[in-house]
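Counting starts at 1 for both ligands and their atoms, in listed order.
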Amino acid sequence: MKYKNWIGGNWVDAKSGRTFQSISPADNSDILGEFPFSEKQDVNAAVEAADKAFHDWSHIPSPRRGELLFAVGELLKGRKEELAKIMTREMGKVLNEARGDVQEAIDMAYYVGGEGRRLLGYVTPSELPNKTCYAIRRPVGRVALITPWNFPIAVPSWKIFPALIAGNTIVWKPAQDTPRIAYEFSRVFEEAGIPKGVFNLLFGFGREAGQALVEHAKIDMISFTGSVDVGRHIYEMGAKKINHVHLELGGKNPILVMEDAGLELAADAILWSAFGTTGQRCTACSRLIVVESVHDPLIAILVKKAKKLKLGNGLNADVEIGPVINKTQLKSIHDYVELGIKEGAKLEIGGKIATEGDLAKGTFYMPTIFTGVTPEMRIFQEEIFGPVLTVSKAKGYEHAIELANDTQFGLSSAIFTRNVYTAQRAIDDLEAGITYINYGTTGAEVHLPFGGVKNTGNGGREAGQAAIEQYSEWKTVYIDYSGHLQKAQGID
Ligand code: TAP
């Protein structure tokens, strides 16, 4: 089936008529549809539509905007299973995880919908008599949203809902690998009755549609989730226009295991964090750091459990690990594995493209564990974004922290210990936006801030109250009811 862009409330083809296909990574013969290959002229139309809709949308009282988000939440609830199945077909994550992805958007719809009744500012006394002062939140304007394929509903929902509640209009360019689920998600907003032009959906590739969108003069804010390289480029583009740019970038997230950890619990959490979503999460655990005394027993448990993980099409209930998103990513993962071997790491398990039986129909990689990994190795430093876990030995707590922080990234982190002193110290010592105690590195709750330090971002956060701040700006109001000219700072 042929799908269209959604611009100004109308479903339209790309002006050039060009299209691209969405292919299932579990079965490359399964085509999920044909989508417009948008370019500059389509971007112009979408931004014009967002611009035209901005005045009216931003003047609707925010509790009313919240009601629309509640309606979206209700519709998502009703379509959860259907959306999860399409997501599994298109993106590959196993069905249970796809359900979680949709659930995150449902949670976000309700959480942010409720914020429509708050959008909190504050009132202060004035330094002068008969004068009052307060500060309120106002929308930023026309917002460009650019998202990756790995959480194709959850990550966009972290941006779309707060942007809308704050009174912005949006143009969303989803990843080229997951256009179908973006279409289905957008249809829910149409069904809920969002006014024309408030939400515009533009399919296409980053180089063409994405680039033209971030460069557009009428875009006031860019919110981007993706790789560091593209993020840096977008930051530079945004800087030229003095745009507000929000970046959520990569991770190289460590789990630390101390001598007093529960090893069975740690092993289960490590496998879930490293190989869930086939390692394609920004919060995936890609570096395991284990103190020497428990290193060998933990590796033995991990290898035994990892061997039992079942690869396959995520629509099948017994499958635990789905495919890698596409052939380019499959090659990149395998190149990293070959590099790891050359760098001198020891391959404990995996290290191969999986092609047995039905796996040959798609892009599958065996869960892979390297031991003996040291900080000079590129597999320790670079985001592989696949089912590859590196293991490093630490001499003790201080060394484990030193290893954990020896990275350009700082998204998530975790420590397994039963010692409350060690746990509390790690919360202070780990350079990351998120720290888990006795849990893996993945999983987020929508009412708490999400994001990272160092090269993982530029200081902003998704979700929680932080999301509202992200998509709004302060307006300060002074009301003088003295009836004469009162000058501040004691000027006569
Ligand atoms: P990227 O290749 O960076 O792509 C992300 C988005 O940017 C896609 O929609 C892409 O479009 C678009 N894009 C590419 N070049 C562009 C350009 N020149 N101008 C404007 N847009 C452009 O990342 P990815 O491979 O899809 O996603 C994986 C990365 O995302 C990992 O680094 C992961 O850690 C990160 N991630 C981070 C988080 C958070 S919250 N920190 C969450 C999820 C993922 P096309 O796909 O069409 O090229």
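Among protein heavy atoms, atom 1 (P) of ligand 1 sits closest to Ser227 OG, 3.6 Å. Residue, atom and distance of the protein heavy atom nearest to atom 18 (N) of ligand 1 are Gln211 OE1, 3.2 Å. The protein heavy-atom contact nearest to atom 15 (N) of ligand 1 is Val230 CG1, 3.5 Å. Here the heavy atom of the protein found nearest to atom 7 (O) of ligand 1 is Phe224 CE1, 3.1 Å. Closest to atom 20 (C) of ligand 1, if we only count protein heavy atoms, is Gly210 C, 3.2 Å. Ranking protein heavy atoms by distance to atom 25 (O) of ligand 1, first place goes to Trp149 NE1, 3.4 Å. With respect to atom 35 (C) of ligand 1, the closest heavy atom belonging to the protein is Gly226 O, 3.2 Å. Protein heavy atom closest to atom 36 (N) of ligand 1, with residue, atom name and distance, is Cys282 CB, 3.6 Å.
When heavy-atom distances to ligand 1 are checked against a 4.0 Å cut-off, His233 comes that close only through its side chain, counted from C-beta outward. Contacts of Ile146 with ligand 1, taken as heavy-atom pairs under 4.0 Å, involve the side chain alone. For Glu383, every heavy-atom contact with ligand 1 shorter than 4.0 Å involves the side chain, none the backbone. Within the 4.0 Å heavy-atom criterion, the part of Leu249 lying near ligand 1 is the backbone and not the side chain.
Arg142 forms a cation-pi arrangement with Phe54, by the criterion of a distance under 6.0 Å to the ring centre and an angle within 45° of the ring axis.
Taking a cut-off of under 4.0 Å to the non-hydrogen atoms of Ile234, the atoms of ligand 1 that pass are 20 (C), 21 (N). Counting the atoms of ligand 1 from 1 in the order shown, those under 4.0 Å from a heavy atom of Gln176 are 45 (P), 46 (O), 47 (O), 48 (O). Applying the 4.0 Å criterion to heavy atoms of Thr147 picks out, from ligand 1, the atoms 6 (C), 8 (C), 9 (O). Taking every non-hydrogen atom of Phe450 and a distance limit under 4.0 Å, the qualifying atoms of ligand 1 come out as 40 (S). The distance from ligand 1 to the heavy atoms of Phe205 drops below 4.0 Å at these ligand atoms: 47 (O). Counting atoms of ligand 1 from 1 in the listed order, those under 4.0 Å from a heavy atom of Pro148 are 26 (O), 27 (O), 43 (C), 44 (C). With ligand atoms numbered from 1 in the order given, ligand 1 contributes 43 (C), 44 (C) to contacts under 4.0 Å with heavy atoms of Asn150.
A salt bridge links Glu431 with Lys454; the closest basic N to acidic carboxylate O contact falls under 4.0 Å. Looking at Glu338 and Lys342, no side-chain N of the basic residue comes within less than 4.0 Å of a carboxylate O on the acidic one, giving no salt bridge. Between Glu81 and Arg99 there is a salt bridge, since a side-chain N of the basic residue sits under 4.0 Å from a carboxylate O of the acidic one.
A donor-acceptor contact under 3.5 angstrom links the side chains of Tyr336 and Glu382, judged on distance only. Asn326 and Asp177 form a side-chain donor-acceptor contact under 3.5 Å, judged by distance and modelled atom types alone. With no hydrogens or angles considered, no side-chain donor-acceptor pair links Gln280 and Trp149 at under 3.5 Å. Side-chain contact, Lys252 with Gln381: no donor N or O sits under 3.5 Å from an acceptor N or O.
Checking only distances, Lys173 does come within under 3.5 Å of ligand 1, N or O to N or O. The shortest N or O to N or O distance between Gly206 and ligand 1 is below 3.5 Å. Ligand 1 has no N or O atom lying under 3.5 Å from any N or O atom of Glu462, backbone or side chain.
Taking 4.0 Å as the cut-off, Gly204 counts as a neighbour of ligand 1 on heavy-atom distance. Using a 4.0 Å heavy-atom cutoff, Phe151 is absent from the residues neighbouring ligand 1.
Environment of CD in Gln21: crowded, with over 12 heavy atoms of neighbouring residues, nucleotides or ligands closer than 6.0 Å.
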Set out, in order, the CA-CA distance, both residues' side-chain angles and the distance that settles side-chain contact (heavy atoms from CB on, under 4.5 Å) for Ser472 and Arg138, then state yes or no. CA-CA 5 Å; Ser472 60; Arg138 297 293 303 149; over 6 Å; no
Using the rule given for side-chain contact (heavy atoms from CB on, under 4.5 Å), can you reason through Ile194 versus Leu164, listing the C-alpha separation, both sets of side-chain angles and the distance that settles it, and then say yes or no? CA-CA 10 Å; Ile194 195 163; Leu164 293 178; 3.8 Å; yes
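Contact of the Val391 side chain with the Ile369 side chain is registered, since non-hydrogen atoms from C-beta on lie closer than 4.5 Å. Looking at heavy atoms from C-beta onward, Asn316 lies out of side-chain contact with Leu95 at the 4.5 angstrom threshold. Contact check for Tyr110 versus Leu69: no side-chain heavy atoms found under the 4.5 Å cut-off. Taking the side chain as every heavy atom from C-beta outward, Pro375 and Leu403 approach each other to under 4.5 Å.
At a distance under 4.0 Å, a protein heavy atom can be found next to atom 27 (O) of ligand 1.
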